[in-house]
Protein chains: 2
Amino acid sequence: MENVKNECKNCCTCVHENCPHANVDENTLYDLAELFKVFGDSTRIRIISALMDGEMCVYHLSERLGAGQSAVSHQLRILRAAGLVRPRREGKEMYYSLDDDHVKEIYGAGLAHIIHKGGYVNE
Amino acid sequence: MENVKNECKNCCTCVHENCPHANVDENTLYDLAELFKVFGDSTRIRIISALMDGEMCVYHLSERLGAGQSAVSHQLRILRAAGLVRPRREGKEMYYSLDDDHVKEIYGAGLAHIIHKGGYVNE
DNA sequence: CTAACATATGAATATATGTTCATATGTTGT
DNA sequence: ACAACATATGAACATATATTCATATGTTAG
């Protein structure tokens, strides 16, 4: 409702884009929830993970995930709408790739937490 | 299903915890989706945002969010189960705080993406 | 232009999830 | 022990969401 002004008490006094203590209004928090919601589905996070290695067409994504073409296409639509992936047409095929490095940063930050909590063993 | 071994092609050859290209098995991806799912709710992200300023008791959280006590408590349970917040009892009250800095990193990474996409104006 | 292929989309269904209400648990002061 | 308060929890309900099926759109080769 209200927009409380909070100065960063932890890392700095200025408000730069990476500062997690930056003043954030309610609408931004809703946007943020929407963004994380997109990451919060196993099919979509698996798509993102697959695209870490580089672009891939829908058919190969579908194959790699063992999911239906329609399901993958629906999820790609959501990823696209969130600005997380970008399509590129080449003939009949659509190649998808991660939109920018923010996607990798969010993914990496989440992964670091999982690892820290010990639920992950690297081989 | 299968566990494909991918070496990082972008930033390094070693596999350290922050590398977004680290080899990640299917189970970890499911854990990751579960983690982001926790961030992907407006009530929970508002709780996290509130706790950025420091610990807070349930009643004050409930007050600040304009949400019911029960709703907040239910969401705190989920945040606790995910290892994102930590409770501390002081008399009748329960004070919650962010569990560790990973929470801030994930939050900050998401916020950076929102800002980059232009959906956020800092005052 | 037509057939074959790749992807996208709409509708329907089944499942997951958040909130509310009622109540239980736990703590303090008397 | 009891009353008052703070928080937690279970059940019920309403809503959101992911998948599937059928079909539409778009592209290429012949």
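Residue numbers start from 1 in every chain, and the chains themselves are labelled A, B, ... in the order their sequence lines are given, proteins ahead of strands. It should be emphasised that the depicted structure is a prediction, and the values quoted were computed from it without experimental measurement.
In this entry the distance linking CD of Gln75(A) with P of dT7(C) reads 16 Å, nearest Å. Protein atom CD of Gln69(B) is 17 Å distant from nucleotide atom P of dG18(C), rounded to whole Å. Taking atom CD1 on Ile78(A) and atom P on dT19(D), their separation rounds to 9 Å, with Å as the unit. Atom CG of Leu76(A) is separated from atom C1' of dT19(D) by 14 Å (rounded to the nearest Å). Note: CZ (Arg80(B)) to P (dT7(D)) measures 12 Å, nearest angstrom.
Between Glu63(B) atom CD and His60(B) atom NE2 the span is 5.5 Å, to the nearest 0.5 Å. We find the CG-CD1 distance between Asp41(B) and Ile47(B) to be 8.0 Å, quoted to the nearest 0.5 Å.
Remark: side-chain polar atoms of Asp101(B) are not paired, donor with acceptor, to backbone N or O of Lys104(B) under 3.5 angstrom. Proximity of a side-chain donor or acceptor of Arg44(A) to a complementary backbone N or O of Phe39(A) within less than 3.5 Å is not detected. Formation of a donor-acceptor pair under 3.5 Å by the Ser62(B) side chain with backbone atoms of Ala67(B) is found in this model. A side-chain donor-acceptor contact under 3.5 Å links Arg46(A) to the backbone of Leu65(A).
The phosphate of dG26(D) (OP1 or OP2) has no side-chain N or O of Arg89(A) nearer than 4.0 angstrom.
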List the steps and the verdict of side chain to side chain contact (heavy atoms under 4.5 Å, CB included) for Phe36(A) and Val38(B).
-> CA-CA 8 Å; Phe36(A) 285 124; Val38(B) 176; over 6 Å; no
Give the intermediate values and the outcome of side chain to side chain contact (heavy atoms under 4.5 Å, CB included) for residues Asp25(B) and Thr28(B).
-> CA-CA 5 Å; Asp25(B) 62 33; Thr28(B) 302; 2.8 Å; yes
Verify side chain to side chain contact (heavy atoms under 4.5 Å, CB included) between Asp99(B) and Leu84(B), making sure each step is shown before the conclusion.
-> CA-CA 5 Å; Asp99(B) 188 270; Leu84(B) 302 184; 5.5 Å; no
Side chain to side chain contact (heavy atoms under 4.5 Å, CB included) between Leu35(A) and Tyr30(A), worked out | CA-CA 9 Å; Leu35(A) 174 65; Tyr30(A) 284 103; over 6 Å; no
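The pair Lys37(B)-Asp31(B) does not count as a salt bridge, with every side-chain nitrogen at least 4.0 angstrom from each carboxylate oxygen.
For residues 35-43 of chain A, proximity to DNA chain D is found at Lys37(A), Asp41(A), Thr43(A), defined as any non-hydrogen atom under 4.0 angstrom from a strand atom. Within residues 56-63 of chain A, the residues that have a heavy atom under 4.0 Å from DNA chain C are, in order of number, Cys57(A), Val58(A), Tyr59(A). Remark: Lys92(B), Glu93(B), Met94(B), Tyr96(B) in residues 90-97 of chain B come within less than 4.0 Å of DNA chain D through at least one heavy atom.
Contact check for Arg89(A) versus Tyr95(A): no side-chain heavy atoms found under the 4.5 Å cut-off. Counting heavy atoms from C-beta on, the side chains of Tyr107(A) and Leu32(B) come closer than 4.5 Å.
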All N/O pairs under 3.5 Å across the protein-nucleotides 10-15 of chain D interface:
{"residue": "dG10(D)", "atom": "O6", "partner": "His74(B)", "partner atom": "NE2", "Å": "2.9"}

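Across the helix from dC1(C)-dG30(D) to dT30(C)-dA1(D), the helix axis at one end is tilted relative to the axis at the other end by 30° (nearest 10 degrees, each axis from five pairs).
Checked against salt bridge (Lys or Arg N to Asp or Glu O under 4.0 Å), Arg88(B) has the following partners two or more places apart in sequence or in another chain: Glu55(B), Glu90(B).
Met56(B) pairs with exactly one of Met94(B), Glu93(B), Arg64(B) by the side chain to side chain contact (heavy atoms under 4.5 Å, CB included) rule, that one being Arg64(B).
Taken together through direct or relayed side-chain contacts under 4.5 Å among Ile, Leu, Val, Met, Phe, Trp and Tyr, Leu51(B) and Ile78(B) form part of one hydrophobic cluster.
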